[in-house]
Peer 1: 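Sharing a structure below in structure tokens format, with a few things to ask.
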Amino acid sequence: MFLLKVVLLSIRHHLLRFLLAIIGLAVSITSLVYLMSFGEGARSLIRKNARAFNLQILVLPPGQALSVQPILPRQLADSVRALGVGKVYAVLRLPYTGGFPPKAVGVVFGKDFASSLHFLADYSIEKGRDLTDSTRREAVVGSVMARTAGWKIGDTVVIGTGKYVIVGIAKAESPIVDNAIIVPLNLLMEDMGTERILAVAVAPPPERSREVVEILKKRFPNYSVQTSEDLMKLAQSFVAMGDAIRFGLSSIALFVTAVFLFAIMAITVQERRWEFSVLRALGATRWFIFRLVIVQAVAVSVIGWLLGVLLGWGLVEVSGKVMVRVFGLNLLDMSAGIVLLSLLVAIVVGFVGSVFPAVSAVRINIREGLGR
Amino acid sequence: MKTLRAEDLRKIYGKKVKTVAVDGFSYEFMPGKSYAVVGPSGSGKTTLLYLLAGIEVPDEGRVTYGDTVLFSMGDDGRARFRADHFAFVFQQFYLIPYLSALDNVSVSLYLKTGRTDLKRAREILKTLGITDPSKRPYEYSGGEQQRIAIARALITDPEVIFADEPTGNLDSKNSAMIFKILTGIARERRTVIIATHDLDLASTCDVVLHLRDGRLVNT
């Protein structure tokens with residue numbers, strides 16, 4: 001404790017100098033926390049959606065892991081259904097950006113009335129009622145979408161060339177469905193002027209999952225058959241790739257901070273040569289002097305980390321609120337893992353930035369340091 | 001009773017132009033006595049103190065304290081030995097500027113034992129006339145700062161105290177007071193070795209050692 005007291009009093013004594021290092025650290029840690037929160041938010045969204053979606057197998061266009069353009073014939077769903085491998089759902093969705101500037105951003109889903117599955121993910125009706133007729137131009141909107149767009153029951157929503165009357169507000173566990181508009185599939189296809197769908201989702205009895213995959217692969221060799229696990233892995237790998245890129249970007253700032261800290265610590269050690277020499281003359285070992293310099297740099301780093309985490313947390317909170325208002329989804333999630341990672345990074349920066357100054361402090365000749 | 005013994009110490013500085021700082025110094029310092037090492041500037045007083053304390057390594061000769069040969073130990077071994085048995089008082093006081101008088105005194109005990117004893121630190125400071133130990137060094141006069149430095153030396157209960165020109169930055173009144181304190185400490189069965197160029201003050205010590213060109217010329 002006494003060592004820490006000495007270190008903290010020394011930081012206070014050279015406050016302006018160390019304040020610059022603390023600010024540098026705080027900015028770097030803020031950027032690290034903020035950027036890494038994107039990955040954590042995406043991971044959290046994937047987890048929530050994976051839990052909420054009923055689909056286990058997807059039949060997709062050949063050679064594709066994910067599909068963005070509707071290029072599969074609608075009849076494919078009927079062909080899969082005829083195999084009797086489980087509940088089958090024809091998937092068609094498109095991005096929705098309503099208003100200019102956009103006041104609601106989300107997804108439009110087609111509801112497949114031909115399926116025995118209620119929908120791709122479970123939802124409950126919060127207000128109004130569910131869709132009941134595939135021929136009526138009616139829509140159910142997710143609660144977040146309704147809130148951000150300011151829609152209520154009876155309002156009209158325009159999708160492509162079609163106009164739909166909102167008959168229900170849905171609440172779902174899946175953030176995507178909470179931010180979606182659900183309309184009858186056949187009417188959506190009509191409005192989009194297409195006879196095609198994005199994918200065919202299959203929810204087989206759990207014990208037949210593997211068997212159904214094999215059946216589908218054999219029956220439809222020209223299509224891509226993916227399990228929800230495959231898709232999860234794919235999504236996770238995309239997020240991990242993003243994490244690596246974001247961490248790389250943060251590392252540039254952290255590297256500059258480490259160099260900055262190195263310069264500050266080197267100057268400090270130069271200035272405190274006599275102090276280290278006195279301590280050595282009084283009986284301090286080289287290890288004690290080394291520790292003194294390292295602990296000081298790490299203490300500066302930890303103070304910077306604390307500030308950076310607080311700033312990052314504030315930024316994540318504010319950005320999250322803005323995102324929910326604009327997109328209906330919060331892509332940011334500052335987990336305990338990120339906080340711990342940033343602490344570890346701050347300690348490493350403190351250590352790396354001070355190890356050479358600490359070695360030079362250890363090597364000071366006592367007599368020269370005392371100027372005698 | 002442990003004695004501090006120097007045997008044929010020799011220290012040379014410089015590679016191209018060689019300066020002999022200490023040349024064949026031999027002497028046995030006894031506990032309970034105060035020693036003044038006197039001589040003109042450059043006579044090797046400070047180097048001798050640093051050699052005796054194990055801060056500088058001699059080119060020849062050896063220093064023993066009791067049965068321990070100082071230079072048989074490594075650098076850190078000698079540092080630990082200094083913390084356990086020796087203490088140092090400097091001309092420029094060398095108090096750490098951002099620590100209070102109390103913390104400055106606590107530093108050397110922390111180096112020796114890994115803990116502090118604020119009560120004891122306060123008592124020693126009070127004995128030396130420092131009643132408010134919460135202030136930082138620049139808030140004290142030169143004489144007070146040197147007394148804080150002496151308190152820093154005493155808190156570890158050292159057997160040998162080295163003082164390098166302890167009155168060099170003080171007026172005559174404070175100088176006399178510091179010498180009185182240091183020679184008084186010797187009476188507590190400690191060895192006190194003071195480098196000084198003030199012959200009047202040196203004469204208050206039990207033994208005066210005269211150095212010239214690094215050689216002991218007279219006692």
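Side chains are part of it too, since the values below use all heavy atoms of this structure and drop only hydrogens, waters and symmetry mates.
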Peer 1: Is it the side chain or the backbone of B/R115 that comes within 4.5 Å of chain A heavy atoms, both, or neither?
Peer 2: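 Neither part; nothing is under 4.5 Å.
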Peer 1: Any chance CZ of A/R17 has more than 12 other-residue heavy atoms, nucleotides or ligands included, within less than 6.0 Å?
Peer 2: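 Count over threshold, so yes.
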Peer 1: For side chain to side chain contact (heavy atoms under 4.5 Å, CB included), just list the numbers for B/R136 and A/L9, CA-CA rounded to whole Å, side-chain angles, deciding distance to a tenth of an Å, and then say yes or no.
Peer 2: CA-CA 11 Å; B/R136 291 207 267 169; A/L9 286 171; over 6 Å; no
Peer 1: Could you check whether any side-chain heavy atom of B/Y50 comes within less than 4.5 Å of a side-chain heavy atom of A/L370, counting everything from C-beta outward?
Peer 2: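 Of all side-chain heavy-atom pairs linking A/L370 with B/Y50, at least one is under 4.5 Å.
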Peer 1: In terms of side-chain heavy atoms, does B/T46 have a donor or acceptor partner in A/R367 at a distance below 3.5 Å?
Peer 2: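 No pair is found: no donor N or O on one side chain lies under 3.5 Å from an acceptor on the other.
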Peer 1: So how far is it from B/Y98 OH to A/I11 CD1, rounded to the nearest 0.5 Å?
Peer 2: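 Result: 10.0 Å between the selected atoms.
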Peer 1: Which atoms of B/S106 come close to chain A, meaning under 4.5 Å heavy atom to heavy atom: side chain ones, backbone ones, both, or neither?
Peer 2: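 For B/S106, heavy atoms of backbone and side chain both lie under 4.5 Å from chain A.
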Peer 1: Are more than 12 heavy atoms, taken from residues, nucleotides or ligands other than B/D117, located less than 6.0 Å from that residue's CG atom?
Peer 2: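 More than 12 within 6.0 Å, yes.
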Peer 1: Under 3.5 Å, is there a donor-acceptor pair between the side chain of B/D76 and the main chain of A/T285?
Peer 2: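 Answer holds: no.
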Peer 1: Top residue by heavy-atom pair count (under 4.5 Å) with chain A, among B/A87, B/P97, B/A53, B/S108?
Peer 2: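 Heavy-atom pair counts peak at B/P97.
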Peer 1: Working note: A/V278 + B/F88, criterion side chain to side chain contact (heavy atoms under 4.5 Å, CB included); need CA distance, chi angles, decisive distance, verdict.
Peer 2: CA-CA 9 Å; A/V278 168; B/F88 233 101; over 6 Å; no
Peer 1: Out of the candidates B/Y94, B/F90, B/F93, only one should pair with A/W274 under the ring pair (Phe, Tyr, Trp, His ring centres under 6.0 Å) rule; please name it.
Peer 2: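 Single ring pair (Phe, Tyr, Trp, His ring centres under 6.0 Å) partner of A/W274 among B/Y94, B/F90, B/F93: B/Y94.
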Peer 1: Any non-hydrogen side-chain atom of A/R280 less than 4.5 Å from a side-chain atom of B/I55?
Peer 2: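 When only atoms from C-beta onward are counted, B/I55 and A/R280 do not touch, as no gap falls below 4.5 Å.
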Peer 1: Please tell me if the side chains of A/L282 and B/F86 come closer than 4.5 Å, counting only heavy atoms from C-beta onward.
Peer 2: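 No. Closest side-chain heavy atoms not under 4.5 Å.
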Peer 1: Could you report the tightest heavy-atom contact between A/A281 and B/R82, atom names first, then the distance?
Peer 2: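 Scanning both residues, the minimum pair turns out to be O-NE, 3.1 Å.
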Peer 1: Between CG of A/L3 and OG1 of B/T116, what distance do you get to the nearest 0.5 Å?
Peer 2: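 That separation rounds to 12.0 Å.
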Peer 1: How about B/R80 and A/F288: do any of their side-chain heavy atoms sit closer than 4.5 Å?
Peer 2: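 Not touching, per the 4.5 Å side-chain cut-off.
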Peer 1: Could you pull out the closest heavy-atom pair between A/A284 and B/A79, with the gap in Å?
Peer 2: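 What the structure gives for the nearest pair is O-CB, 3.5 Å.
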Peer 1: Could you walk me through whether B/D103 and A/V6 pass side chain to side chain contact (heavy atoms under 4.5 Å, CB included), step by step?
Peer 2: CA-CA 8 Å; B/D103 287 335; A/V6 170; over 6 Å; no
Peer 1: For B/L109 and A/F2, run side chain to side chain contact (heavy atoms under 4.5 Å, CB included): C-alpha distance rounded to whole Å, both residues' side-chain angles, the deciding distance at 0.1 Å, then the answer.
Peer 2: CA-CA 11 Å; B/L109 186 63; A/F2 184 70; over 6 Å; no
Peer 1: Could you measure the distance from the NE2 atom of A/H13 to the CG atom of B/L99? Nearest 0.5 Å is fine.
Peer 2: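 Nearest 0.5 Å value for the NE2-CG distance: 9.5 Å.
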Peer 1: Name the member of B/D75, B/T156, B/V107 that forms the most heavy-atom pairs with chain A at distances under 4.5 Å.
Peer 2: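 Looking at each option in turn, the highest pair count goes to B/D75.
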Peer 1: Is B/K126 atom NZ crowded by more than 12 heavy atoms from other residues, nucleotides or ligands, each under 6.0 Å away?
Peer 2: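 Counting other residues, nucleotides and ligands, NZ of B/K126 stays at 12 neighbours or fewer.
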Peer 1: Non-hydrogen atoms of chain A under 4.5 Å away: do they reach the side chain of B/R78, the backbone, both or neither?
Peer 2: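 The answer is neither part of B/R78.
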Peer 1: Within the supplied structure, the quantity of interest is the number of heavy atoms (other residues, nucleotides, ligands) at a distance under 6.0 Å from A/F356 CZ; does it exceed 12?
Peer 2: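 Check fails, neighbour count at 12 or below.
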Peer 1: Should A/N365 and B/E56 count as side-chain neighbours, where that means a heavy-atom distance under 4.5 Å?
Peer 2: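 Contact flag for A/N365/B/E56 side chains = yes.
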